[in-house]
Structure formats: structure tokens, C-alpha cells
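Here is the structure we will look at.
Proteins come first, then strands; the chains are lettered A, B, ... in the order of their sequence lines, and each starts at number 1.
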Amino acid sequence: MIGQTLAIFVDAYRELNSKKLFWIVMVLSGLVVAAFATITLTQTGIRFVVWDVDTEFNLQNIPPRVFYYNIIFVELGVKWWLGFAATILALISTAGVFPDLVSSGSIEAMLARPISRTRLFLTRYVSGLLFVVLQVGVFCVASFLLIGIKADLWDPKILLGIPIIALFYSYLFCLCALIGLWTRSTIAALLLTILFWLLVFAVQASENFFFIAKVDRDLGIARHVVAQEVLDKQISALEDLSEEADDLSITDAREKIRRIVRWSYGDDTGRSAKFADRIAARVPNGEEIETASALVSARLEERRESRELLQTYTEHAETSGQWVVRWHNIMHGVATVLPKTGETKELLNRYLVRQEDVEDLNEGTGQDETGGLFGTSRPEGAPQLPADIEGTRQPTSTELSVTLDQESRDRPLWWIVGTSLGFEAFILLLASVYFARRDF
Amino acid sequence: MVADGSAGMALQLKDVAKVYRGRVHALRGIDLEVGRGEVFGLLGPNGAGKSTLIKILMTVIRPTRCSGHMLGRPVGDKSTLRRVGYLPENHKFPPYLSGRKALHFYGAMSCVPRNECKRRAEQLLTMVGMADWADKKIGGYSKGMRQRIGIAQALMSDPDLVLLDEPTDGVDPGGRRDIRNMLEYISDQGKTVFLNSHILSELEQVCDRVAILVQGEVRQQGTIDFLTEDRARFEIRVARPGGQPPTALASALEDLVKTGEDGKPGLADGSLVDIEGDHVSVLTEQAEAVQPIVDSIRQRGLLLTSLRLARPSLEDLFMEAVQDPTTGRQLGPGAARKGKTS
């Protein structure tokens with residue numbers, strides 16, 4: 001039994017060895033790693049061999065770990081080379097595995113052996129992944145050594161690239177095997193698999209698009225909720241203050257209002273202090289206020305109006321953004337049953353790059369408000385909220401990036417790998433039943 | 001242990017049928033027996049179902065109906081295949097493997113231990129005359145070389161039963177002779193050989209028993225002697241000197257040949273007679289039976305030009321089997337379709 005399995009693996013290696021494309025991809029992998037070796041960070045940009053390329057970004061802020069693992073290894077090496085170019089070359093090389101196996105004259109000699117069809121199919125399937133395992137193995141080991149020597153970063157987690165990319169490739173290869181068995185055509189297996197990959201990409205891109213919009217919307221609503229809580233605290237405190245306002249001088253009343261505002265924001269510096277001064281000093285409708293009770297009443301009235309207005313803003317944001325949530329749910333459902341090709345590759349980022357590094361990287365890169373990806377939360381015709389109310393502000397690009405990174409890291413492993421393996425198991429079940437029951 | 005009554009039989013098939021998509025009857029209930037140590041030949045025209053039958057035995061095709069045993073185990077039992085060697089028709093062995101590595105690979109697939117694999121491969125490469133080509137890639141082999149490697153791979157597990165599907169297909173006469181010698185060698189080692197071929201002379205030379213398969217049915221089976229036993233006949237040819245009429249031979253035999261109860265002409269001992277012009281054929285092996293005919297021919301003044309005892313060849317049996325008994329026409333190739341019987 002072990003002899004048969006070993007024989008199939010050795011045969012798969014010999015088949016690979018006989019293919020020029022296998023060695024071409026191997027050489028190209030070597031060249032990609034060699035190209036990485038020539039990239040160095042400089043004061044103003046990056047140096048490629050001896051050529052300096054200036055960039056508008058301050059690359060010196062990028063931690064070496066992020067630069068080498070995130071940008072060089074994961075983004076360029078894994079996502080673009082292994083996860084895209086080398087994957088297409090691997091599919092070209094391995095799309096013929098099953099059409100060749102079931103071709104007339106070849107399959108008879110294999111089936112007429114003391115081995116069950118299911119085991120023959122599954123062993124041949126796993127041995128077909130050998131191409132990718134060998135290619136990725138060489139690439140990851142070379143990258144591990146390169147980054148270790150160049151940046152003194154010796155993280156064996158980089159070798160997780162081997163199972164992760166093999167896993168990603170297996171999502172596509174299982175379908176390639178099914179189509180190859182069914183059509184007996186290498187070209188059909190290759191083209192339909194690439195088409196499926198594009199479909200998965202489109203679904204993931206749509207899901208991601210609606211996910212970003214949903215996160216942006218949720219961040220906006222969360223801000224409204226926080227602002228409501230702040231206003232509630234202010235209103236409650238001002239109500240208490242109004243009972244003792246008759247006994248206060250106007251100066252004392254202003255000071256107390258300033259304290260209430262600072263207390264309601266939960267901090268005593270920066271924006272809240274500024275707002276506190278502005279709120280305390282504000283003169284409504286240009287009228288001069290002479291008594292403390294009038295000042296407190298005016299502030300209380302103003303806060304209540306704002307609270308009501310904010311409520312309409314929140315309700316509007318929740319209602320008008322419903323379609324984003326609905327579409328995200330639909331695309332998320334579709335993505336759940338499909339293999340997570342992109343997110344599986346992203347797992348490397350999760351394991352190699354620390355979240356705090358990414359937060360450092362994002363710090364100060366985008367303080368502009370997103371402006372609300374699908375419009376503001378202000379209902380049509382509604383008046384503007386006072387500028388001091390934090391909830392009126394949309395999240396910034398940085399906040400959005402950090403939240404998205406966090407959300408992406410928080411996506412459970414079972415959802416990314418488990419559902420993908422579920423898809424693969426289902427396809428392999430179909431293929432093995434078809435293989436076991438078919439006459440050749 | 002065999003407890004099914006198939007002891008002594010390498011192959012015992014009952015009612016093997018294969019229907020494709022409910023319409024095409026590739027096999028219509030095959031009953032067949034092959035004794036251990038026999039060389040058995042299955043012949044038939046293209047599309048008769050020969051390869052389908054072998055593929056069912058080798059689990060390549062799933063039968064619609066099948067009850068029977070191969071080497072004492074039910075047909076379809078995978079573990080039996082350790083003891084069975086198979087050469088598929090029009091095989092395509094991996095072109096990137098050398099002959100030697102292909103033998104190692106197929107040996108391992110048949111569960112032959114590694115060391116035994118190596119030993120057997122060297123032995124078989126010599127036997128099939130491929131020792132000098134053993135390290136060359138199969139992709140560069142001629143058809144004859146591929147067949148030799150194919151036979152060698154079928155023998156890698158030292159099988160008790162060897163099924164060869166068209167082993168001499170596309171092989172030159174020299175190669176065919178070598179393959180015949182190999183078959184004799186395999187047979188001498190006590191192995192059972194099941195040979196599938198449409199080259200009749202080949203089967204005639206090597207087979208102990210044959211079966212003729214036509215449109216998915218076994219028409220005849222037995223030893224060649226048994227099948228030809230009742231078909232031996234004396235062929236007599238005469239010349240008509242002195243301008244005798246073309247009916248002279250029929251007239252000369254008038255008194256000897258009578259129409260029997262079945263309406264067919266025959267002699268008094270029951271031997272059937274067929275007279276056509278100057279040629280008479282008597283369906284008998286007994287020389288005594290034809291003496292009166294010879295006497296009558298001479299008395300009538302006809303000249304006896306030839307007299308021989310003719311036994312039908314396998315080809316004659318084959319042609320007879322593939323003939324439609326009602327129309328006398330040769331049956332077309334291919335499997336029988338639903339509702340159409342031959």
C-alpha cells in the first residue's frame with residue numbers, strides 16, 4: 001500500500017522533472033528572490049541595484065519587519081509572483097494531470113491494479129500538488145535566507161508560505177481535476193479553472209467593496225451613538241445645574257458648564273477643552289445673557305435640540321445604509337460557499353506582520369475624512385449639527401484602514417480555511433465518485 | 001480458500017452483460033470457462049465486445065450483470081488483480097519513463113516488493129529482448145518495443161493469469177513470432193493466458209481453446225479440434241474429357257446421393273454431399289464413405305483430378321460464426337442495439 005503511494009509520488013516527480021515548464025518556473029522563482037536581494041531602503045525612497053528611485057512617501061517610517069515581510073515577501077513575492085504568475089504557470093503545468101491519467105490506453109494500466117479507484121484518484125490528486133509544494137518550498141526557503149541575511153530578521157513563520165500557498169492552489173486544483181476528469185481535455189480544465197478563479201476574485205472584490213462601505217457606515221453610526229451618549233451626559237448634568245443656577249454668578253455658571261463638557265467627553269485636553277470653552281462662551285442668537293439660570297437654560301435647550309437632531313441623523317444613517325448591509329450579507333453568503341483564495345494568501349500577513357506595525361505604518365497617512373463612502377448621514381433638508389458634536393464627523397482614512405485591518409485579522413480561521421476546505425472536499429467528493437463510477 | 005466450485009478454473013464467467021446507456025448491448029450474457037494453465041483465445045470481429053469483456057475482468061469497466069470468478073475470487077475483487085497481468089490494447093505508457101523505470105512503476109503498483117521488482121524487471125527485460133533499450137525513454141520506442149515492454153509489465157507480479165488484449169497489434173512478422181515464443185514461454189511456466197485477438201492464424205498456433213464472440217455473444221467455444229471435428233470433409237474435383245456435359249458429375253452420383261428427411265442431399269451413411277459443377281464435397285472423415293463416389297466417377301469416364309481430406313481453419317469457423325444464419329450475409333461490426341438481435 002505504501003509502495004503504491006510512493007510509486008505514484010515518484011512518478012509525479014518524474015513527470016514534473018520531464019517538463020521544461022517546471023524548471024523554467026523554478027529559475028524564475030530564483031530570479032524573483034535575486035531581484036528582492038537588490039532592493040534596499042534609502043533616505044528618500046528605494047534603491048534597486050544601483051538605481052535610486054525617489055518616492056513621495058517617507059519610507060524610513062516603515063518598520064523593517066513590515067518592509068521585508070509585508071511589502072517584499074507577502075505583497076510582491078507571495079501575492080504577485082506565487083499567488084498569481086506562478087499559479088497560472090502551475091495550472092498550465094498540472095492541468096493535464098487528470099486528462100492524461102484517464103486518456104485511453106493509459107487509464108487501463110492504472111485501474112487494473114490492486115488499488116481502489118478512490119485511493120488512486122486522491123493519491124494522484126495530492127501528488128499533483130507536488131509542483132506547487134516544490135516551487136513554493138524553494139521560494140520560501142530562499143526568501144527566509146535572504147531576509148535573514150539582509151535584515152537580520154530570522155522568522156521561521158515565513159515558511160508558513162508553503163502550506164498556505166499549497167492550500168490556496170489546492171482550491172483551484174480540485175476544480176481543475178474535476179473538469180479534467182469530466183471533459184478529458186487539458187485546455188478545458190485550464191480555461192474553466194481560470195474562469196472560476198476570476199469569478200471567485202470578482203465575488204471577493206465585491207464582498208470586500210461592500211465590506212469597506214459597511215465598516216465605514218458602522219464607524220459613522222458608532223460615532224453618532226457615542227455623541228448621543230455625550231449629549232445625554234451633558235443634558236443630565238445641565239438639568240442638575242439648572243436647579244442650582246439661581247445661586248450662581250454667571251462666571252461660575254460658565255466654569256461649571258465648561259467642566260460638564262470636559263467631563264462628558266471623558267478627557268480634559270485637546271478638542272474637548274476647546275469645545276468646552278466654545279460652548280461655555282457661546283451667545284445664542286446674539287442676545288446678551290446676564291443671569292446664570294438663563295445661560296444654563298439656553299445651553300440645555302441647545303443640547304436638547306442637538307440631541308434630537310442627532311437622533312434623526314442616526315436613524316437616517318441606519319436606514320439609508322441598509323442596502324449596503326443587505327448587499328454585503330448577500331456577497332458574504334456567496335463568498336462563504338466559495339474558496340477564499342485572496343484571504344488564504346492574506347493569512348501570511350496575519351502571521352508575519354504584527355498589527356501594531358501596521359498601525360504605526362498607517363499613523364498620519366490619512367487624516368482626511370472619508371466623506372462617507374455612500375453619502376453623509378445628514379438627512380436631506382436637515383440643519384447642520386453644531387461643529388462640536390463629534391458624531392457629525394466621518395471616519396478618517398486612517399481610522400478606516402486600521403479598522404479594516406483589524407476586522408480582516410478578526411475573521412475567524414474556520415471561515416477562511418474551513419469553508420474553503422469544505423468547498424474543496426465537496427469538489428473532491430464529486431470528482432472521486434465520478435472517477436469511481438465511470439467506465440473507461 | 002476457494003469454496004465456490006471454481007477450483008481448477010482460472011476463469012469461470014456466467015451471464016456477463018454490459019449495456020451502455022440502456023441501448024447499446026456490448027455483451028449479451030457471456031458464459032465462459034478457462035482452465036488453469038490453458039492458453040485461451042477470444043476472437044471476434046471489431047466491436048464484438050472482446051476488449052469490453054477483458055476490461056470488465058480488470059475492473060476498468062463496470063458490468064451491468066456479472067456472476068463469475070477469476071482465480072477463485074469474484075470478478076471485480078481488486079485484491080485478485082495482484083495475481084493477474086494485463087496488457088491493454090493501444091496502451092500508452094508514460095513516455096517520460098525508461099523501459100526499466102516503467103517496469104519498476106507498474107511492479108510497485110501491483111504491490112511487488114521493491115527488491116523483487118528490480119530482480120523481475122531485469123529478468124523480463126532480457127526475456128522480451130529489451131535489455132539493451134531498458135534505459136531509453138518509452139517515448140522513443142517503436143510500436144513493437146512498446147508491446148514488448150507492455151508484455152513485460154503484465155508479467156511483473158509473476159501473475160497466475162495473464163490477459164493480453166491484441167498483443168501483436170501493429171507488430172511486424174518478426175516481432176509477432178517473438179511474441180508467440182513469449183506466449184509459449186509463459187504457458188510453459190504454468191500460467192494461464194487469455195489472449196484477445198482478431199488475427200486468427202496467431203490464435204490457431206498458440207491456443208488450446210478458443211471462443212468466438214460476435215455482437216456480444218459467444219457463438220462457439222472449445223478446442224480447435226473439437227470445433228472442427230464434425231466439419232472435416234473430403235473434397236473431390238474432376239475433369240470432363242471428351243466433351244461431357246457440365247452435369248456429368250451430378251449424373252454420375254445420382255444413384256449414390258439421395259435427398260434425406262431434412263431435404264438435404266446425402267449418402268446412405270448420412271454424410272451430407274454438396275455438388276457444384278465439377279466439385280463434390282462430402283462431410284465425413286471416413287475414407288470408406290467416399291470410395292463408392294470415386295468408383296462412380298471412374299465408371300462414368302470422368303477424370304479424378306484431386307481428392308483431399310479438408311479440415312476447416314479457424315478462419316472458416318470464424319466466417320461461419322459471423323454469418324447471419326437467415327440471410328447468409330456477414331454481420332456488421334459493432335455492438336448489438338436494443339431490439340436488434342443477430
Side-chain angles (χ1 to χ4, degrees), chain A residues 1-23 93-94 96-124 127-128 130-131 181 184 186 432-440, chain B residues 18-21 26 51-52 54-64 73 77-98 101-102 104-117 137-139 146 149-150 153-154 156-157 159 163 165:
Chain A
M1 197 164 172
I2 293 169
Q4 288 173 326
T5 307
L6 197 64
I8 292 171
F9 271 86
V10 171
D11 180 59
Y13 171 72
R14 283 177 178 151
E15 189 179 0
L16 287 182
N17 202 19
S18 71
K19 287 184 177 172
K20 286 193 183 77
L21 195 56
F22 175 75
W23 292 106
S93 291
T94 55
V97 166
F98 284 95
D100 287 350
L101 175 71
V102 298
S103 68
S104 178
S106 171
I107 185 67
E108 292 91 338
M110 291 301 284
L111 292 181
R113 309 286 163 186
I115 179 171
S116 76
R117 287 192 183 197
T118 306
R119 192 160 80 84
L120 176 63
F121 167 74
L122 291 176
T123 313
R124 193 70 190 89
S127 72
L130 204 61
F131 183 101
L181 280 180
R184 295 193 185 196
T186 303
S432 59
V433 167
Y434 182 75
F435 184 69
R437 298 185 62 84
R438 181 173 173 169
D439 289 332
F440 292 96
Chain B
K18 177 67 188 176
V19 184
Y20 287 104
R21 297 168 194 225
S51 293
T52 303
I54 285 198
K55 284 181 178 181
I56 285 174
L57 298 177
M58 298 312 298
T59 70
V60 177
I61 287 178
R62 288 151 25 98
T64 308
R73 307 278 302 172
D77 176 48
K78 276 281 186 187
S79 65
T80 315
L81 300 180
R82 284 171 198 248
R83 297 157 57 205
V84 182
Y86 171 46
L87 172 72
E89 185 186 14
N90 300 324
H91 54 75
K92 276 193 296 190
F93 297 131
Y96 49 84
L97 292 182
S98 65
K101 282 179 177 160
H104 292 168
F105 172 63
Y106 288 115
M109 289 304 295
S110 293
C111 301
V112 179
R114 197 177 155 80
N115 288 339
E116 176 67 7
C117 236
K137 297 270 166 66
I138 289 178
R146 283 201 284 265
I149 287 295
Q153 66 79 29
M156 275 301 288
S157 61
L163 296 131
D165 198 351

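Scanning both residues, Pro88(B) and Ala109(A), for their nearest heavy atoms gives CG-N, 4.1 Å. Contact between Leu111(A) and Leu81(B) at its shortest, heavy atoms only, is O-CD1, 4.1 Å.
Interface remark: Arg438(A) contributes backbone atoms only to the contact with chain B (heavy atom separation under 4.5 Å). In this structure, no portion of Leu163(B) lies under 4.5 Å from any heavy atom of chain A. Only the side chain of Leu120(A) comes within contact range of chain B, judged by heavy atoms closer than 4.5 Å. Residue Thr5(A): no heavy atom, backbone or side chain, is found under 4.5 Å from chain B.
Between Arg117(A) atom CZ and Arg62(B) atom CZ the span is 7.5 Å, to the nearest 0.5 Å. Taking CD1 of Ile115(A) as the reference point, atom OG of Ser110(B) lies at 10.5 Å (rounded to 0.5 Å).
Using a 4.5 Å cut-off on side-chain heavy atoms (C-beta onward), Lys18(B) and Asp439(A) make contact. Annotation: side chain of Tyr106(B) is in contact with side chain of Met110(A) (closest heavy-atom distance under 4.5 Å).
Most heavy-atom pairs under 4.5 Å with chain A: of the set Tyr86(B), Tyr20(B), Phe105(B), Phe93(B), this distinction falls to Phe105(B). Counting heavy-atom pairs under 4.5 Å between each of Gln4(A), Arg113(A), Arg437(A), Glu15(A) and chain B puts Arg113(A) at the top. Interface summary for chain B: among Ala112(A), Ser116(A), Ser104(A), the most heavy-atom pairs under 4.5 angstrom belong to Ala112(A).
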- [ ] Any chance you could lay out the side chain to side chain contact (heavy atoms under 4.5 Å, CB included) test for Asp11(A) and Tyr96(B), step after step, and finish with the verdict?
- [x] CA-CA 9 Å; Asp11(A) 180 59; Tyr96(B) 49 84; 3.1 Å; yes
TODO: Before giving the answer on side chain to side chain contact (heavy atoms under 4.5 Å, CB included), spell out for Lys55(B) and Glu108(A) the whole-Å C-alpha distance, their side-chain angles and the decisive distance to 0.1 Å.
DONE: CA-CA 8 Å; Lys55(B) 284 181 178 181; Glu108(A) 292 91 338; 3.4 Å; yes
Task: Evaluation steps, side chain to side chain contact (heavy atoms under 4.5 Å, CB included), between Ile8(A) and Met109(B) - done: CA-CA 8 Å; Ile8(A) 292 171; Met109(B) 289 304 295; 3.8 Å; yes
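Within 6.0 Å of the NZ atom in Lys19(A), the count of heavy atoms belonging to other residues, nucleotides or ligands exceeds 12.
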